[in-house]
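Okay, so here's the structure we're looking at.
Sequence lines set the chain letters: A, B, ... in the order given, protein chains first and strands last, and positions in each chain run from 1.
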Amino acid sequence: MKTELEELLAQALARLEGSTLGVPVDRSTIVVERARDAQHGDYASNIAMRLAKAAGLRPRELAEAIVAALPASPLLASVEVAGAGFINFYLAPAAQFDTLRCVLEQGERYGTSDAGRGQRVMVEFVSANPTGPLHVGHGRQAAYGATLANLLRATGHAVQREYYINDAGRQVDILTASVWVRYLQAAGSTLPFPQNGYRADYVNAIAASLRAARGATLEHSLADVLEGLPADAPAGDKELYIDALIARMRALLGAADYEAVLELSLAAMLADIRADLAAFGVEFELWSSERALARSGAVERTLARLAALGQTYEKDGALWLRTTTHGDSEDRVLVRANGAQTYFAPDLSYHIDKRARGFELMIDVWGADHHGYVDRMRAGLVALGEPGECFEVCLMQFVSLYRGGEKIPMGKRDGQFVTLRQLREEVGNDACRLFYLMRSHDQHLDFDLELAKSRSNDNPVYYLQYAYARVASVMKQLAARGLAYDATEALANLGRLDGPHEAAILTALRGYPDVIAMAAANRTPHTLVHYLRELAQAFHTWYNAAQFIVDDGATRNARLALAQGVQQVLRNGLALLGASAPESM
RNA sequence: GCGCCCGUAGCUCAGCUGGAUAGAGCACCGGCCUUCUAAGCCGGCGGUCGCAGGUUCGAGUCCUGCCGGGCGCGCCA
């Protein structure tokens, strides 16, 4: 609709060229927007104000001239000049009703487009270290990433969702050692738990499955384990201690058994994470392993390419990447003086691998605490000859949990954090999804458990689902009264939808495709939540003001058609958000 | 010290890439169920858009400088 109106304006301006207007008008300056206020019609353009100065006319005068030059169109009921020089378009009733026809005809496809032209996009999200269960912050990233992928798909992009498993770093060794210590303790060992270990309950569970798999074959005496180890914190250094413990464990068990413990621990953690996300309705096309990438030699190839391109140099025994020449604030280390790679090296290699796999755009969803890494990653890609625009990061701000106005402390230390699973079990998946997505991603999120659980009118989850269920209920009532919906009669009598409430709903339905397009383009799923709330509100208002099941068949069927249009869009929107649409509540 | 994000009604937040009289929800006050689900609806109350400049026809939105809050600044991951 917007583009049709813009085309009309372009024709009008072309007629004025050479007379009222001197120079031809750049097509991109002709913009039509949905009117924010119903008093301003259905669509509005500010083109007269933008061109007034160049034309040497007052905005309103120019607007009048443009309106006079507009070709006739069946789409329009009237066009007015208002305010400082706005041109307001009022759609003809037939055009309004076409919206509803579209919704009913297109069904679940309503709102989708091919704007993305099949662009290959990867959305990488969550990618939490497999060293513990997902917490509520990961939940937000999961909900956001999944919905962003849905939105991009709905707008014609070829989307792949991917989870990058950081299974190669020191953190995994710490998990392995933690499991082993718990395994020893379970057999009566008095070996103290390392200060820097993972001490939450899930480690005990993995230790138990380790015992089930290997019996006592991995046990060693306290004296053997402690031999040559430095003091742990607080007397000593907890980092030195855990590294020494890991080395000791490797020496005592041998490489093969050490790897076996590591594999078992990793597999247990990943199984937990995958099950958690699957239960949350979040799926990935690919779970990509850092260890697999490293074993393939990809990281070394990336380093070699960087060196060949003259992008690296050695200093103080370390290998540095010149990221500053590509917009980073300082150069970054790829390989440390001790020969070990930093995290940056495989990470960069992973992203260049994504490009090699043909993804034109890589969107990463990261926690806001990682914001300092955006520039270096992009710089690394540019150093390898990639365009900087191929990489985009959506930073997610933190989540604070509240219970009835009381903030819940979330120290990761001692494992005193609320997991995603606990949250889902307490408030339900739908509430989780919607609460996570209600706020802009660059806004801190206050998640109130009591509010999310409450079956009351201050809970936005129920507000949306209630609107959906109400339509379903009406259709059931219809059948109970021995009546049936007649689509043909409905479509022949859409003119009966002539009240202000009906008009508001038609306007809202017409805006849905724009909302989807914008939410996808701006990476802002929360605008969809707000839109659905407005649609539900328009529906609830109408529902309270009018009776749908009336004696007159023409009116009845027309109203039922509109109600089902609302239901369809609610269903489409909730599906994109990953929330259910219940038939009854 | 430097970088990123945030600052809008008592509280939690929108504000559609610069538009018209700044909007919701909650809270508070007052109304609406013998009729399709009251998990709903209607009305009222509530604002110096952190502060000060600037850009222009027009600024909550863009620029600069302050103030306040969060996060990050390792040859950790």
Side-chain angles (χ1 to χ4, degrees), chain A residues 33-37 39-40 44-46 49-50 52-53 58-59 82-86 88 129 131 166 168-172 174 239 315-320 329-330 332-344 347 367-375 395 397-398 400 402 405 438-446 448 451 454-463 465-467 469-478 480-481 511 514-515 517-519 521-522 524 526-527 529-531 533-534 536-537 539-550 559-560 563 584-585:
Chain A
E33 286 186 312
R34 277 184 294 141
R36 298 186 183 193
D37 191 329
Q39 288 177 2
H40 301 140
S45 177
N46 61 359
M49 288 177 285
R50 300 184 63 165
K53 201 170 190 178
R58 285 203 210 102
F86 292 98
N88 292 340
N129 280 346
T131 53
N166 293 120
R170 174 167 170 263
Q171 295 305 317
V172 179
I174 295 177
E239 305 282 353
K315 189 181 85 179
D316 304 331
L319 183 71
W320 296 71
S329 55
E330 49 192 297
R332 306 294 174 178
V333 172
L334 287 165
V335 182
R336 290 184 270 162
N338 66 5
Q341 291 167 357
T342 62
Y343 207 73
F344 182 38
D347 239 19
D369 51 335
H370 288 75
H371 69 78
Y373 297 78
V374 178
D375 283 349
L395 294 170
Q397 293 294 333
F398 285 3
S400 300
Y402 288 80
M438 233 163 39
R439 303 293 177 227
S440 168
H441 63 89
D442 53 18
Q443 189 76 240
H444 286 244
L445 176 66
D446 290 333
D448 193 314
L451 180 61
S454 69
R455 307 207 147 208
S456 68
N457 51 357
D458 51 0
N459 189 333
V461 178
Y462 291 101
Y463 191 82
Q465 297 185 331
Y466 186 45
R470 267 186 154 171
V471 180
S473 176
V474 169
M475 299 311 285
K476 275 179 223 154
Q477 270 295 321
L478 187 72
R481 295 184 194 185
D514 290 338
V515 169
M518 211 151 50
N522 296 340
T524 51
H526 74 280
T527 55
V529 181
H530 287 275
Y531 165 84
R533 195 178 208 298
E534 281 165 24
Q537 178 161 41
F539 175 76
H540 284 311
T541 296
W542 182 46
Y543 181 92
N544 274 271
Q547 195 73 15
F548 300 170
I549 304 177
V550 293
R559 287 180 180 170
L560 291 173
S584 69
M585 292 176 67

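On a pure distance criterion of 3.5 Å, no polar donor-acceptor pair joins the side chain of A/H530 and the base of B/rG15. You won't find any donor-acceptor pair under 3.5 Å spanning the side chain of A/D369 and the base of B/rG72, going by distance alone.
The aromatic rings of A/H526 and A/H530 sit perpendicular, their planes meeting at an angle over 60°, well past the 30° parallel limit.
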| task | Take A/V474 and A/I549 through the test side-chain contact (heavy atoms from CB on, under 4.5 Å) and record every step on the way to the result. | result | CA-CA 8 Å; A/V474 169; A/I549 304 177; 4.1 Å; yes

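Taking atom P in both B/rG25 and B/rU61, one finds a spacing of 25 Å when rounded to whole Å.
Contact annotation for A/A82: base contact, defined as any heavy-atom pair under 4.0 Å involving a base atom. Using a 4.0 Å heavy-atom cutoff across all strands shown, A/A318 reaches at least one base atom of the nucleic acid. At the heavy-atom level, A/N88 lies under 4.0 Å from base atoms of the strands shown. Among the atoms of the strands shown, only primed sugar atoms or phosphate atoms (P, OP1, OP2) are found under 4.0 Å from some heavy atom of A/D446.
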Taking only N/O atoms, report every protein-nucleotides 31-35 of chain B pair under 3.5 Å with atom names and distance.
from, atom 1, to, atom 2, distance (Å)
B/rU35, O2, A/Q547, OE1, 3.4

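Remark: aromatic rings of A/Y543 and A/F548 are close, center separation under 6.0 Å.
In this pair, A/H526 does not lay its aromatic ring on the base of B/rA14; centres under 5.5 Å and planes under 30 degrees do not both hold. Stacking annotation: A/F86 is not stacked on the base of B/rG19 (requires ring centroids less than 5.5 angstrom apart and an interplanar angle below 30 degrees).
Nucleotide B/rG7 forms a Watson-Crick or G-U wobble pair with B/rC67, both donor-acceptor distances falling under 3.5 Å.
Put simply, OH on A/Y373 is 11 Å from P on B/rC76, counting in whole angstrom units.
Shown here are the side-chain contact (heavy atoms from CB on, under 4.5 Å) partners of A/M438, two or more places apart in sequence or in another chain: A/F435, A/P460, A/V529.
Checked by atom type and distance alone, the side chain of A/R336 never pairs as donor or acceptor with a backbone atom of A/L334 at under 3.5 Å.
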